[in-house]
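Worksheet: the structure to be examined is printed underneath.
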Protein chains: 2
Amino acid sequence: MQKLREEIIQTALELFDAQGFHRVSVNQIVKEAGTSKGGFYHHFQSKDELLFVIHDTFITYVLKEAEAATETHQSPVEQIQEIIRSFVHVFDLYQSHITVFYQESNYVDETFEDEINRKRDQFKDKVIAVVKRGQEEGEFRHELPPEITGMAILGMVNWLNKWYRREGSHTIEEIAEVFTDLVLHFLLPGHEGVSGVEQRPPFFYGEK
Amino acid sequence: MQKLREEIIQTALELFDAQGFHRVSVNQIVKEAGTSKGGFYHHFQSKDELLFVIHDTFITYVLKEAEAATETHQSPVEQIQEIIRSFVHVFDLYQSHITVFYQESNYVDETFEDEINRKRDQFKDKVIAVVKRGQEEGEFRHELPPEITGMAILGMVNWLNKWYRREGSHTIEEIAEVFTDLVLHFLLPGHEGVSGVEQRPPFFYGEK
DNA sequence: CTATACAGACCAACCAGTCGGTCTTGGGAG
DNA sequence: CTCCCAAGACCGACTGGTTGGTCTGTATAG
């Protein structure tokens, strides 16, 4: 029976979301979930494993979405649009997971750390790869360093977890629209004028 | 004498940075700092107050920098450039403060919460205000919602705390350059072509 | 009948904070 | 310049409470 397991995860999610992992005790969780210490430790090795499971469900989902986005779309422009769109929407779907994920990721036990980091890096690399490919195919501005640009995109979206609230004055769709607009504005060359000749000489960041 | 107080803060900073606030005990701090419980509680009301002090030093500095930036520069373009530049550099100067700030901000005691949030909001509002003013003066694209745009900028920079390392392959100056470039690219209108007539009809996000 | 699912009393470890006491310092009286 | 003493600086053994986790035992399903 996996029913209690799910119940525990849901309860823990709500409690962690509201009070933070460290302020919630196992006793609190089992009481709220209507079970006991025995029930808890029958399904989880430790409180740390529970934290890991929460992290893993979330990051696995995000990664799968990103993979789907790059498979169903061909051009880098469409791919980055779709990645941002689906990623932004995650912040509406997985509110509690997100809070816990961003708040407590540094406290994930060493035992599980690697798996989480692996998936997180895969996601990061995917974004950077799309930027790179866009540059190679001549669609994106070639003078941008892909890593910094990729991390800028990730930061922009990731930061949502600090300010986006479902009851807030901006819908998730609106935010997704603006974000893709912003990103495409700095990725696509837009200053070449009519002649096709660049108004500024090619410029590479970090030149000495 | 404030020497021990400073010593405690520095030691705590290093320990919190490496292990996280919740994994470091007061005993560890005082042992490492070469003092005692008595010494600690002579200078701080509680472990929570120490966390507050760390937060406050950092956010106060950032806020002061942003205020200086808007005072010494006139045009919104220069202001946003300077805010980003100085803010990005903070991530090089205050590494440990930053880690602790972003990792543990949710655990700051209620007593001190308000003060931190007040300053954090002031900073946020300052960025949004610059965007708004830039739009009013006709320099920035008027179809962007200032809040979302401002938060995008903040997220981009704030996310640095997750990936920027002094030993990394990008210098802080390079990152600052790229970030200001990205931001100006999505803030400034760049698609009007030569005639001055917009190629796309004006478009407002969130239109029903 | 047996293996899985769950119950809950129990424990050892730890931790933030206290408190009575000692040391140091600096300034005023002689 | 010296003595004194008070107040601030610091010490460290101690405590009350909490926490994650264990263990023995029971119920239930197949």
Side-chain angles (χ1 to χ4, degrees), chain A residues 1-56 100-101 103-113 116, chain B residues 1-56 100-101 103-113 116:
Chain A
M1 183 75 85
Q2 292 290 73
K3 203 153 168 266
L4 180 64
R5 191 184 150 93
E6 277 311 309
E7 176 64 36
I8 291 174
I9 294 178
Q10 276 312 316
T11 312
L13 223 29
E14 286 162 31
L15 289 171
F16 291 166
D17 187 1
Q19 307 177 46
F21 181 73
H22 294 280
R23 286 208 256 248
V24 176
S25 71
V26 177
N27 270 321
Q28 246 180 294
I29 299 171
V30 298
K31 197 182 158 193
E32 195 86 12
T35 179
S36 65
K37 278 285 184 77
F40 183 94
Y41 284 95
H42 180 72
H43 289 288
F44 301 96
Q45 285 177 33
S46 61
K47 195 189 172 190
D48 280 325
E49 196 198 335
L50 170 59
L51 184 60
F52 162 74
V53 170
I54 291 174
H55 273 65
D56 196 56
V100 179
F101 185 82
Q103 181 56 39
E104 314 291 349
S105 56
N106 280 63
Y107 287 103
V108 172
D109 194 276
E110 304 175 348
T111 327
F112 315 110
E113 223 178 6
I116 299 295
Chain B
M1 186 74 89
Q2 293 290 76
K3 206 154 168 260
L4 180 63
R5 191 185 151 94
E6 276 311 308
E7 177 64 38
I8 292 174
I9 294 178
Q10 277 310 316
T11 312
L13 224 29
E14 285 162 30
L15 289 171
F16 291 165
D17 187 1
Q19 308 178 44
F21 180 73
H22 295 280
R23 285 208 257 246
V24 176
S25 70
V26 176
N27 270 320
Q28 248 179 292
I29 299 172
V30 299
K31 198 181 155 193
E32 195 86 11
T35 178
S36 65
K37 278 285 184 74
F40 183 93
Y41 283 96
H42 179 71
H43 289 288
F44 301 97
Q45 285 177 33
S46 62
K47 196 188 172 191
D48 281 325
E49 195 198 334
L50 170 59
L51 185 60
F52 162 73
V53 170
I54 291 174
H55 273 65
D56 196 57
V100 178
F101 185 82
Q103 182 57 37
E104 314 291 351
S105 55
N106 280 64
Y107 287 104
V108 173
D109 193 277
E110 305 175 347
T111 328
F112 315 110
E113 225 178 5
I116 298 295

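These numbers come from a predicted model, not from an experiment. Lettering follows sequence order; numbering is per chain, from 1.
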Original post:
Going from CG on A:Asp48 to CD on A:Glu113, what distance comes out if it is rounded to the nearest 0.5 angstrom?
Top reply: 11.0 Å
Original post:
Please give, in whole Å, the distance from D:dG20 P to A:Phe44 CZ?
Top reply: 15 Å
Subject >> Spacing of A:Gln19 atom CD relative to D:dT19 atom P, expressed in whole Å >> reply: 11 Å
Original post:
With respect to the side chain of A:Ser36, which nucleotide from C:dC6, D:dC10, C:dA16 is positioned closest?
Top reply: C:dC6
Original post:
Whole Å only: how far is the CG atom of B:Asn27 from the C1' atom of C:dC14?
Top reply: 9 Å
Subject >> Which nucleotide in C:dG17, D:dC10, D:dG21 has an atom nearest any side-chain atom of B:Leu4 >> reply: D:dC10
Original post:
Nearest of C:dC6, C:dA16, D:dT22 to any side-chain atom of A:Lys37?
Top reply: D:dT22
Subject >> Spacing of A:Phe40 atom CZ and A:Leu50 atom CG [to the nearest 0.5 Å] >> reply: 5.0 Å
**OP:** Ignoring backbone atoms, test whether A:His43 places a side-chain nitrogen or oxygen under 4.0 Å from the OP1 or OP2 oxygen of C:dC6.
**Re:** yes
Original post:
Do the side-chain N or O atoms of B:Ser46 get closer than 4.0 angstrom to the phosphate oxygens (OP1, OP2) of C:dA16?
Top reply: no
**OP:** Nearest whole angstrom, please: distance from the P of D:dC10 to the CD of B:Glu6.
**Re:** 13 Å
Original post:
Side chains of A:His42 and A:Thr35: closer than 4.5 Å at any heavy-atom pair?
Top reply: no
**OP:** Whole angstrom is fine here: how far is it from CD in B:Glu7 over to C1' in D:dC10?
**Re:** 15 Å
Subject >> Listed nucleotide nearest any side-chain atom of A:His42, set C:dA5, C:dG17, D:dA9 >> reply: C:dA5
Subject >> Comparing B:Val24 and A:Gly39 on DNA chain C - which has the more 5′ nearest nucleotide >> reply: A:Gly39
Original post:
So what does B:Val30 hit on the nucleic acid, given a heavy-atom distance under 4.0 Å: a base, only sugar-phosphate, or nothing?
Top reply: nothing
Subject >> Separation of atom CZ in B:Arg23 from atom P in C:dC14, rounded to whole Å >> reply: 15 Å
**OP:** To the nearest Å, give me how far apart CD1 (B:Ile29) and P (D:dG12) are.
**Re:** 17 Å
**OP:** Count the heavy atoms of every other residue, nucleotide or ligand shown that sit under 6.0 Å from CD of A:Glu32, and state whether that count exceeds 12.
**Re:** no
**OP:** Whole angstrom is fine here: how far is it from OH in A:Tyr41 over to P in C:dA5?
**Re:** 18 Å
**OP:** Output the single nucleotide from D:dC10, C:dA16, D:dT19 whose closest atom is nearest the side chain of A:Ser25.
**Re:** D:dT19
Subject >> A:Asp109 vs A:Thr111, side-chain hydrogen bond (donor to acceptor under 3.5 Å, both in side chains): CA-CA, chis, key distance, verdict >> reply: CA-CA 5 Å; A:Asp109 194 276; A:Thr111 327; 2.4 Å; yes
